[in-house]
Amino acid sequence: MSKNPFENSIFTLHEAAKLGGINPEVVRLLEQPKRQFEFTIPVRMDDGHLEIFTAFRVHYSDALGQIKNGVRVVPNMDMDTAKALGFWMTIKHAVGGIPAGGGKGGIKADPSKMSRREYEALIRGFIRKLPMKGAWVDVPGADIGTHGRTQAWMLDELEEIQGFHSPAAINDKPREVNGTELSREATGTGVYFVTREFCKDNGFPNTATFALQGFGNVGRVAGELLQNDGHKLVAVSDIFGGIENQEGIDIFDLGKYADAHNGSVKGYPKAKEIGTSDLLEVQCDILLPAAVQSVIHEGNADKVKAKLIMECANGPVTPEAEQILYKKGVIISPDVLTNCGSAIVCSFERTQGLTDDYWEKEKVVAKLKERIVKSYHETVDTAKELGVSPRDGAWINALRKLERAMILRGWAWEDEK
Ligand code: NAD
(Lines give C-alpha, C1' and ligand atoms only; values in the text may rest on other atoms or scores of the structure.)
Protein backbone atom coordinates (compact mmCIF):
# COMPACT_ATOMS: atom_id res chain seq x y z
CA MET A 1 0.00 0.00 0.00
CA SER A 2 1.18 3.52 -0.77
CA LYS A 3 2.70 5.93 1.69
CA ASN A 4 0.87 9.25 1.72
CA PRO A 5 -2.86 10.12 1.48
CA PHE A 6 -2.55 11.25 -2.12
CA GLU A 7 -0.85 8.02 -3.21
CA ASN A 8 -3.60 6.09 -1.41
CA SER A 9 -6.26 7.95 -3.42
CA ILE A 10 -4.46 7.15 -6.66
CA PHE A 11 -4.27 3.50 -5.64
CA THR A 12 -8.08 3.46 -5.17
CA LEU A 13 -8.53 5.22 -8.52
CA HIS A 14 -6.55 2.51 -10.34
CA GLU A 15 -8.39 -0.33 -8.60
CA ALA A 16 -11.86 1.10 -9.35
CA ALA A 17 -10.89 2.09 -12.91
CA LYS A 18 -9.74 -1.49 -13.60
CA LEU A 19 -12.98 -2.99 -12.27
CA GLY A 20 -15.12 -0.44 -14.14
CA GLY A 21 -13.16 -0.48 -17.44
CA ILE A 22 -12.66 3.30 -17.30
CA ASN A 23 -11.05 5.08 -20.27
CA PRO A 24 -7.24 5.14 -19.71
CA GLU A 25 -7.03 8.81 -20.77
CA VAL A 26 -9.60 9.70 -18.11
CA VAL A 27 -7.56 7.80 -15.54
CA ARG A 28 -4.43 9.68 -16.61
CA LEU A 29 -6.25 13.00 -16.34
CA LEU A 30 -7.33 12.08 -12.82
CA GLU A 31 -3.84 11.11 -11.69
CA GLN A 32 -2.99 14.74 -10.90
CA PRO A 33 -4.87 17.97 -10.16
CA LYS A 34 -5.87 20.30 -12.97
CA ARG A 35 -4.37 23.24 -11.02
CA GLN A 36 -2.61 23.69 -7.72
CA PHE A 37 -1.59 26.87 -5.96
CA GLU A 38 0.79 27.47 -3.09
CA PHE A 39 0.94 31.03 -1.78
CA THR A 40 1.86 33.01 1.30
CA ILE A 41 -0.25 35.13 3.62
CA PRO A 42 1.71 37.69 5.67
CA VAL A 43 -0.02 38.62 8.93
CA ARG A 44 1.03 41.33 11.40
CA MET A 45 0.71 39.56 14.75
CA ASP A 46 -0.49 41.23 17.97
CA ASP A 47 3.06 41.54 19.35
CA GLY A 48 4.10 43.48 16.23
CA HIS A 49 6.10 40.79 14.41
CA LEU A 50 5.31 39.71 10.87
CA GLU A 51 4.33 36.05 10.49
CA ILE A 52 4.22 34.54 7.01
CA PHE A 53 1.79 31.62 6.61
CA THR A 54 1.74 29.12 3.75
CA ALA A 55 -1.57 28.40 2.03
CA PHE A 56 -2.63 25.78 -0.52
CA ARG A 57 -5.51 25.44 -2.96
CA VAL A 58 -6.06 22.54 -5.30
CA HIS A 59 -8.54 22.51 -8.18
CA TYR A 60 -8.50 18.78 -8.68
CA SER A 61 -11.02 18.43 -11.49
CA ASP A 62 -13.68 20.80 -12.79
CA ALA A 63 -15.08 18.39 -15.38
CA LEU A 64 -18.47 18.43 -13.62
CA GLY A 65 -18.58 22.12 -12.69
CA GLN A 66 -16.85 24.90 -10.77
CA ILE A 67 -14.57 24.01 -7.87
CA LYS A 68 -16.25 23.89 -4.48
CA ASN A 69 -14.75 22.73 -1.18
CA GLY A 70 -13.37 23.34 2.24
CA VAL A 71 -10.43 25.26 3.62
CA ARG A 72 -8.61 23.40 6.39
CA VAL A 73 -6.50 25.33 8.89
CA VAL A 74 -4.21 22.95 10.77
CA PRO A 75 -0.51 23.03 11.76
CA ASN A 76 0.40 20.12 9.48
CA MET A 77 -1.44 21.22 6.32
CA ASP A 78 0.46 20.43 3.12
CA MET A 79 -0.04 20.09 -0.62
CA ASP A 80 -0.33 16.28 -0.56
CA THR A 81 -3.24 16.52 1.87
CA ALA A 82 -4.92 19.18 -0.31
CA LYS A 83 -4.41 17.00 -3.40
CA ALA A 84 -5.75 13.84 -1.72
CA LEU A 85 -8.80 15.62 -0.31
CA GLY A 86 -9.37 17.47 -3.59
CA PHE A 87 -9.41 14.22 -5.51
CA TRP A 88 -11.62 12.59 -2.93
CA MET A 89 -14.09 15.51 -3.13
CA THR A 90 -14.12 15.16 -6.93
CA ILE A 91 -15.32 11.58 -6.45
CA LYS A 92 -17.76 12.53 -3.68
CA HIS A 93 -19.39 15.21 -5.83
CA ALA A 94 -19.79 12.74 -8.68
CA VAL A 95 -21.27 10.12 -6.30
CA GLY A 96 -23.68 12.71 -4.89
CA GLY A 97 -24.79 13.93 -8.32
CA ILE A 98 -23.47 17.39 -7.45
CA PRO A 99 -22.75 19.64 -10.44
CA ALA A 100 -19.39 20.78 -9.10
CA GLY A 101 -15.73 19.93 -9.36
CA GLY A 102 -13.59 18.81 -6.46
CA GLY A 103 -10.96 20.84 -4.68
CA LYS A 104 -9.52 21.54 -1.29
CA GLY A 105 -7.37 24.10 0.34
CA GLY A 106 -5.80 24.97 3.56
CA ILE A 107 -3.47 27.06 5.60
CA LYS A 108 -0.58 25.76 7.67
CA ALA A 109 -1.44 27.42 11.00
CA ASP A 110 -2.73 26.67 14.48
CA PRO A 111 -5.92 28.69 15.10
CA SER A 112 -5.85 27.82 18.82
CA LYS A 113 -2.63 29.84 19.18
CA MET A 114 -3.97 32.96 17.44
CA SER A 115 -6.04 35.88 18.72
CA ARG A 116 -9.33 36.60 17.02
CA ARG A 117 -7.82 39.63 15.26
CA GLU A 118 -4.87 37.58 13.98
CA TYR A 119 -7.14 34.79 12.80
CA GLU A 120 -9.50 37.16 11.00
CA ALA A 121 -6.49 38.77 9.28
CA LEU A 122 -5.29 35.31 8.20
CA ILE A 123 -8.67 34.27 6.80
CA ARG A 124 -9.19 37.58 4.98
CA GLY A 125 -5.64 37.25 3.66
CA PHE A 126 -6.50 33.80 2.27
CA ILE A 127 -9.29 35.31 0.18
CA ARG A 128 -7.17 38.28 -0.95
CA LYS A 129 -4.32 36.03 -2.09
CA LEU A 130 -6.47 33.17 -3.49
CA PRO A 131 -5.52 33.30 -7.19
CA MET A 132 -8.94 32.34 -8.65
CA LYS A 133 -12.21 33.04 -6.86
CA GLY A 134 -15.91 33.62 -7.40
CA ALA A 135 -19.12 31.60 -7.72
CA TRP A 136 -18.25 30.27 -11.17
CA VAL A 137 -14.63 29.37 -10.42
CA ASP A 138 -13.87 28.32 -6.86
CA VAL A 139 -16.23 28.34 -3.87
CA PRO A 140 -14.37 27.87 -0.55
CA GLY A 141 -16.27 26.17 2.27
CA ALA A 142 -15.50 25.21 5.88
CA ASP A 143 -13.41 22.29 7.10
CA ILE A 144 -11.28 21.65 10.20
CA GLY A 145 -10.40 25.02 11.76
CA THR A 146 -12.98 26.98 9.76
CA HIS A 147 -16.66 27.56 10.60
CA GLY A 148 -19.59 29.93 10.04
CA ARG A 149 -17.72 32.96 11.40
CA THR A 150 -14.66 32.42 9.17
CA GLN A 151 -16.92 31.92 6.15
CA ALA A 152 -18.68 35.22 6.90
CA TRP A 153 -15.23 36.93 7.00
CA MET A 154 -14.35 35.29 3.65
CA LEU A 155 -17.58 36.51 2.10
CA ASP A 156 -17.12 40.02 3.48
CA GLU A 157 -13.55 40.22 2.15
CA LEU A 158 -14.53 38.93 -1.29
CA GLU A 159 -17.43 41.36 -1.57
CA GLU A 160 -15.19 44.28 -0.51
CA ILE A 161 -12.67 43.29 -3.22
CA GLN A 162 -15.33 42.89 -5.91
CA GLY A 163 -17.47 45.85 -4.97
CA PHE A 164 -20.70 43.85 -5.16
CA HIS A 165 -22.46 41.09 -3.22
CA SER A 166 -21.67 37.53 -4.14
CA PRO A 167 -23.28 35.11 -1.68
CA ALA A 168 -22.83 32.10 -3.98
CA ALA A 169 -19.04 32.51 -3.90
CA ILE A 170 -18.53 31.22 -0.34
CA ASN A 171 -20.12 28.18 1.36
CA ASP A 172 -20.98 27.16 4.94
CA LYS A 173 -21.98 30.71 5.83
CA PRO A 174 -24.29 31.42 8.77
CA ARG A 175 -27.97 31.56 7.83
CA GLU A 176 -28.03 35.30 8.61
CA VAL A 177 -25.31 35.94 6.02
CA ASN A 178 -27.07 34.29 3.05
CA GLY A 179 -26.32 30.77 4.28
CA THR A 180 -28.63 27.77 3.95
CA GLU A 181 -30.92 25.93 6.31
CA LEU A 182 -29.65 22.46 7.40
CA SER A 183 -26.01 23.50 7.02
CA ARG A 184 -25.02 22.01 10.41
CA GLU A 185 -27.26 18.92 10.19
CA ALA A 186 -26.67 18.10 6.51
CA THR A 187 -24.24 15.22 6.90
CA GLY A 188 -26.09 13.50 9.76
CA THR A 189 -29.38 13.84 7.89
CA GLY A 190 -27.81 12.34 4.76
CA VAL A 191 -26.39 9.46 6.83
CA TYR A 192 -29.91 8.78 8.10
CA PHE A 193 -31.44 8.68 4.60
CA VAL A 194 -28.74 6.32 3.29
CA THR A 195 -29.02 4.06 6.38
CA ARG A 196 -32.75 3.83 5.81
CA GLU A 197 -32.28 2.69 2.22
CA PHE A 198 -29.68 0.06 3.17
CA CYS A 199 -32.04 -1.20 5.91
CA LYS A 200 -35.05 -1.38 3.57
CA ASP A 201 -33.15 -3.27 0.87
CA ASN A 202 -31.46 -5.70 3.25
CA GLY A 203 -34.34 -6.66 5.50
CA PHE A 204 -33.34 -4.71 8.63
CA PRO A 205 -36.51 -3.84 10.59
CA ASN A 206 -37.20 -0.32 11.89
CA THR A 207 -36.40 -1.65 15.35
CA ALA A 208 -32.84 -2.71 14.40
CA THR A 209 -30.31 -1.67 17.05
CA PHE A 210 -27.42 0.71 16.41
CA ALA A 211 -24.19 1.89 18.01
CA LEU A 212 -22.48 5.24 17.47
CA GLN A 213 -18.78 5.98 17.64
CA GLY A 214 -18.56 9.77 17.90
CA PHE A 215 -21.25 11.93 19.46
CA GLY A 216 -20.47 15.06 17.45
CA ASN A 217 -22.23 16.88 14.70
CA VAL A 218 -22.64 13.86 12.40
CA GLY A 219 -23.21 10.98 14.85
CA ARG A 220 -25.65 12.78 17.08
CA VAL A 221 -27.87 14.12 14.28
CA ALA A 222 -27.96 10.74 12.48
CA GLY A 223 -28.67 8.96 15.78
CA GLU A 224 -31.57 11.24 16.69
CA LEU A 225 -33.23 10.65 13.33
CA LEU A 226 -32.70 6.87 13.56
CA GLN A 227 -34.21 6.77 17.06
CA ASN A 228 -37.19 8.83 15.85
CA ASP A 229 -37.72 6.10 13.23
CA GLY A 230 -37.89 3.37 15.91
CA HIS A 231 -34.28 2.18 15.95
CA LYS A 232 -32.77 1.40 19.36
CA LEU A 233 -29.46 3.00 20.37
CA VAL A 234 -27.44 0.52 22.45
CA ALA A 235 -23.97 2.08 22.74
CA VAL A 236 -22.13 5.36 22.17
CA SER A 237 -18.51 6.39 22.55
CA ASP A 238 -16.48 9.55 22.12
CA ILE A 239 -12.86 10.49 22.62
CA PHE A 240 -13.26 10.36 26.43
CA GLY A 241 -14.96 6.94 26.74
CA GLY A 242 -18.09 4.96 25.99
CA ILE A 243 -21.38 3.64 27.36
CA GLU A 244 -23.58 0.61 26.61
CA ASN A 245 -27.09 -0.46 27.52
CA GLN A 246 -28.67 -3.25 25.48
CA GLU A 247 -32.09 -2.24 26.86
CA GLY A 248 -31.76 1.01 24.92
CA ILE A 249 -30.39 4.52 25.48
CA ASP A 250 -32.60 7.56 24.89
CA ILE A 251 -30.43 9.74 22.65
CA PHE A 252 -32.23 12.95 23.60
CA ASP A 253 -31.71 12.31 27.32
CA LEU A 254 -28.08 11.41 26.56
CA GLY A 255 -27.73 14.64 24.55
CA LYS A 256 -28.84 16.71 27.55
CA TYR A 257 -26.30 14.85 29.69
CA ALA A 258 -23.49 15.44 27.15
CA ASP A 259 -24.38 19.15 26.84
CA ALA A 260 -23.94 19.46 30.59
CA HIS A 261 -20.69 17.42 30.61
CA ASN A 262 -18.36 19.07 28.11
CA GLY A 263 -20.03 17.35 25.15
CA SER A 264 -19.07 13.87 26.39
CA VAL A 265 -21.20 10.78 27.01
CA LYS A 266 -18.70 9.38 29.53
CA GLY A 267 -20.27 8.76 32.93
CA TYR A 268 -23.89 8.70 31.67
CA PRO A 269 -25.63 7.05 34.62
CA LYS A 270 -28.26 4.97 32.77
CA ALA A 271 -25.70 2.70 31.02
CA LYS A 272 -22.58 0.71 31.84
CA GLU A 273 -19.17 2.16 31.05
CA ILE A 274 -17.14 0.74 28.12
CA GLY A 275 -13.92 1.81 26.39
CA THR A 276 -13.91 4.07 23.33
CA SER A 277 -12.96 1.26 20.95
CA ASP A 278 -14.96 -1.48 22.78
CA LEU A 279 -17.89 0.21 21.12
CA LEU A 280 -16.88 -1.24 17.76
CA GLU A 281 -17.35 -4.76 19.12
CA VAL A 282 -20.70 -4.40 20.95
CA GLN A 283 -23.77 -6.42 19.97
CA CYS A 284 -25.76 -4.31 17.48
CA ASP A 285 -27.25 -4.50 13.99
CA ILE A 286 -25.91 -1.22 12.61
CA LEU A 287 -22.57 0.35 13.49
CA LEU A 288 -21.96 4.02 12.71
CA PRO A 289 -18.27 4.98 13.05
CA ALA A 290 -18.62 8.79 13.09
CA ALA A 291 -15.36 9.85 14.69
CA VAL A 292 -12.03 9.33 12.92
CA GLN A 293 -10.38 7.21 10.22
CA SER A 294 -9.00 3.63 10.38
CA VAL A 295 -10.79 2.60 13.62
CA ILE A 296 -11.85 -0.75 12.17
CA HIS A 297 -8.69 -2.55 11.14
CA GLU A 298 -7.15 -6.00 10.73
CA GLY A 299 -6.86 -6.34 14.51
CA ASN A 300 -10.53 -5.90 15.40
CA ALA A 301 -12.54 -6.53 12.21
CA ASP A 302 -13.38 -10.14 13.07
CA LYS A 303 -14.80 -9.01 16.44
CA VAL A 304 -17.30 -6.61 14.86
CA LYS A 305 -20.83 -7.97 15.42
CA ALA A 306 -22.81 -5.44 13.36
CA LYS A 307 -24.26 -6.61 10.04
CA LEU A 308 -24.26 -3.12 8.50
CA ILE A 309 -21.51 -0.51 8.85
CA MET A 310 -22.28 3.06 7.84
CA GLU A 311 -18.99 4.89 7.20
CA CYS A 312 -19.91 8.31 8.59
CA ALA A 313 -16.29 9.40 9.14
CA ASN A 314 -13.86 9.39 6.23
CA GLY A 315 -12.14 6.01 5.87
CA PRO A 316 -13.07 4.42 9.23
CA VAL A 317 -12.65 0.88 7.77
CA THR A 318 -9.18 0.00 6.46
CA PRO A 319 -8.91 -1.99 3.19
CA GLU A 320 -7.60 -5.02 5.13
CA ALA A 321 -10.55 -4.89 7.55
CA GLU A 322 -12.94 -4.53 4.65
CA GLN A 323 -11.84 -7.89 3.20
CA ILE A 324 -12.39 -9.62 6.57
CA LEU A 325 -15.82 -8.00 6.97
CA TYR A 326 -16.96 -8.90 3.46
CA LYS A 327 -16.07 -12.54 4.12
CA LYS A 328 -18.33 -12.37 7.20
CA GLY A 329 -21.16 -11.00 5.05
CA VAL A 330 -21.10 -7.52 6.59
CA ILE A 331 -22.48 -4.73 4.38
CA ILE A 332 -20.39 -1.54 4.31
CA SER A 333 -21.89 1.73 3.16
CA PRO A 334 -18.88 3.67 1.75
CA ASP A 335 -17.91 7.09 3.11
CA VAL A 336 -18.21 8.82 -0.28
CA LEU A 337 -21.91 7.95 -0.29
CA THR A 338 -22.75 7.89 3.44
CA ASN A 339 -21.37 11.31 4.32
CA CYS A 340 -21.94 13.27 1.11
CA GLY A 341 -24.94 15.12 2.62
CA SER A 342 -23.01 18.27 3.47
CA ALA A 343 -21.48 18.42 -0.02
CA ILE A 344 -25.01 18.20 -1.46
CA VAL A 345 -26.40 20.90 0.84
CA CYS A 346 -23.39 23.15 0.06
CA SER A 347 -24.32 22.94 -3.59
CA PHE A 348 -27.88 23.98 -2.59
CA GLU A 349 -26.35 26.89 -0.68
CA ARG A 350 -24.62 28.09 -3.84
CA THR A 351 -27.83 27.66 -5.87
CA GLN A 352 -29.76 29.74 -3.32
CA GLY A 353 -27.08 32.44 -3.41
CA LEU A 354 -27.17 32.56 -7.21
CA THR A 355 -30.95 32.83 -7.39
CA ASP A 356 -31.51 35.01 -4.28
CA ASP A 357 -34.22 32.51 -3.31
CA TYR A 358 -33.58 31.13 0.19
CA TRP A 359 -35.41 27.86 0.91
CA GLU A 360 -37.33 26.71 3.97
CA LYS A 361 -35.75 23.86 5.93
CA GLU A 362 -38.39 21.37 4.70
CA LYS A 363 -37.44 22.08 1.10
CA VAL A 364 -33.72 21.58 1.80
CA VAL A 365 -34.43 18.27 3.58
CA ALA A 366 -36.71 17.06 0.77
CA LYS A 367 -34.17 17.92 -1.92
CA LEU A 368 -31.33 16.31 0.06
CA LYS A 369 -33.39 13.16 0.44
CA GLU A 370 -34.21 13.03 -3.26
CA ARG A 371 -30.55 13.54 -4.26
CA ILE A 372 -28.93 11.15 -1.78
CA VAL A 373 -31.45 8.35 -2.26
CA LYS A 374 -30.78 8.58 -6.02
CA SER A 375 -27.04 8.32 -5.29
CA TYR A 376 -27.68 5.28 -3.10
CA HIS A 377 -29.56 3.55 -5.95
CA GLU A 378 -26.87 4.42 -8.49
CA THR A 379 -24.23 2.98 -6.15
CA VAL A 380 -25.96 -0.30 -5.40
CA ASP A 381 -27.12 -0.74 -9.00
CA THR A 382 -23.53 -0.33 -10.25
CA ALA A 383 -22.32 -2.73 -7.54
CA LYS A 384 -24.93 -5.33 -8.59
CA GLU A 385 -24.25 -4.87 -12.32
CA LEU A 386 -20.52 -5.55 -11.89
CA GLY A 387 -20.70 -7.89 -8.88
CA VAL A 388 -18.52 -5.57 -6.78
CA SER A 389 -18.77 -4.02 -3.31
CA PRO A 390 -20.84 -0.88 -2.63
CA ARG A 391 -17.53 1.03 -2.26
CA ASP A 392 -16.37 -0.03 -5.72
CA GLY A 393 -19.90 0.59 -7.00
CA ALA A 394 -19.80 4.17 -5.71
CA TRP A 395 -16.34 4.86 -7.15
CA ILE A 396 -17.09 3.29 -10.53
CA ASN A 397 -20.37 5.17 -10.77
CA ALA A 398 -18.47 8.41 -10.04
CA LEU A 399 -15.70 7.60 -12.51
CA ARG A 400 -18.25 6.87 -15.21
CA LYS A 401 -19.82 10.32 -14.74
CA LEU A 402 -16.38 11.96 -14.91
CA GLU A 403 -15.48 9.82 -17.93
CA ARG A 404 -18.61 10.90 -19.80
CA ALA A 405 -18.06 14.60 -19.01
CA MET A 406 -14.39 14.45 -20.00
CA ILE A 407 -15.16 12.72 -23.28
CA LEU A 408 -17.96 15.18 -24.13
CA ARG A 409 -15.66 18.10 -23.28
CA GLY A 410 -13.04 16.64 -25.61
CA TRP A 411 -10.48 16.06 -22.86
CA ALA A 412 -10.36 12.33 -23.61
CA TRP A 413 -11.17 10.32 -26.71
CA GLU A 414 -13.78 7.61 -26.60
CA ASP A 415 -11.89 5.22 -28.88
CA GLU A 416 -8.96 5.19 -26.46
CA LYS A 417 -11.02 2.88 -24.26
P1 NAD B 1 -17.22 16.44 15.63
O2 NAD B 1 -15.92 17.05 15.96
O3 NAD B 1 -18.46 17.23 15.79
O4 NAD B 1 -17.41 15.10 16.52
C5 NAD B 1 -16.45 14.09 16.54
C6 NAD B 1 -16.83 13.09 17.62
O7 NAD B 1 -15.90 12.02 17.57
C8 NAD B 1 -16.76 13.65 19.03
O9 NAD B 1 -17.77 13.06 19.82
C10 NAD B 1 -15.37 13.18 19.51
O11 NAD B 1 -15.28 13.08 20.92
C12 NAD B 1 -15.32 11.83 18.85
N13 NAD B 1 -13.96 11.33 18.68
C14 NAD B 1 -12.88 12.01 18.23
N15 NAD B 1 -11.80 11.21 18.22
C16 NAD B 1 -12.23 10.00 18.64
C17 NAD B 1 -11.60 8.76 18.84
N18 NAD B 1 -10.30 8.60 18.57
N19 NAD B 1 -12.35 7.72 19.27
C20 NAD B 1 -13.69 7.88 19.53
N21 NAD B 1 -14.33 9.03 19.37
C22 NAD B 1 -13.60 10.08 18.94
O23 NAD B 1 -17.07 15.89 14.15
P24 NAD B 1 -18.24 15.60 13.11
O25 NAD B 1 -18.51 16.84 12.35
O26 NAD B 1 -19.35 14.88 13.78
O27 NAD B 1 -17.50 14.62 12.09
C28 NAD B 1 -17.29 13.28 12.42
C29 NAD B 1 -16.49 12.61 11.31
O30 NAD B 1 -17.19 12.72 10.08
C31 NAD B 1 -15.12 13.25 11.07
O32 NAD B 1 -14.22 12.22 10.74
C33 NAD B 1 -15.35 14.14 9.87
O34 NAD B 1 -14.15 14.31 9.12
C35 NAD B 1 -16.36 13.33 9.10
N36 NAD B 1 -17.19 14.15 8.22
C37 NAD B 1 -17.87 15.21 8.72
C38 NAD B 1 -18.66 15.97 7.89
C39 NAD B 1 -19.45 17.14 8.41
O40 NAD B 1 -20.18 17.73 7.66
N41 NAD B 1 -19.35 17.47 9.69
C42 NAD B 1 -18.75 15.65 6.52
C43 NAD B 1 -18.05 14.54 6.04
C44 NAD B 1 -17.28 13.81 6.91
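Start at 1 and go down the list; that is how both ligands and their atoms are numbered. Nothing here was measured: the structure is a model prediction, and the numbers come from that model.
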Quiz item: In a check of salt bridge (Lys or Arg N to Asp or Glu O under 4.0 Å) between R175 and each of E181, E360, E349, which one passes?
Solution: E181
Can you give me every donor-acceptor pair (side chain of residues 367-375, partner residue at least two apart or in another chain, under 3.5 Å) with its distance?
residue, atom, partner, partner atom, Å
R371, NH1, G97, O, 3.1
S375, OG, V95, O, 2.9
S375, OG, R371, O, 3.1

Can you give the donor-acceptor pairs under 3.5 Å from side chains of residues 334-346 to other protein atoms, not counting sequence neighbours?
residue, atom, partner, partner atom, Å
D335, OD2, G315, N, 2.8
T338, OG1, S333, O, 3.0
T338, OG1, S333, OG, 2.8
T338, OG1, P334, O, 2.7
N339, OD1, K92, NZ, 2.7
N339, ND2, C312, O, 2.9
N339, ND2, N314, OD1, 2.8
S342, OG, T187, OG1, 3.2

Quiz prompt | side-chain hydrogen bond (donor to acceptor under 3.5 Å, both in side chains) involving H14 - partner list, sequence neighbours excluded | solution = E31
Quiz item: Between W395 and F11, does the ring centroid distance fall short of 6.0 Å?
Solution: no
Practice problem: Write out the protein residues near ligand 1, meaning a non-hydrogen atom under 4.0 Å from one of its atoms, in order of chain and number. | Solution: K92, T187, Q213, G214, F215, G216, N217, V218, D238, I239, T276, A290, A291, V292, C312, A313, N314, N339, S342
Quiz item: Does some side-chain heavy atom of L279 sit less than 4.5 Å from a side-chain heavy atom of L287?
Solution: yes
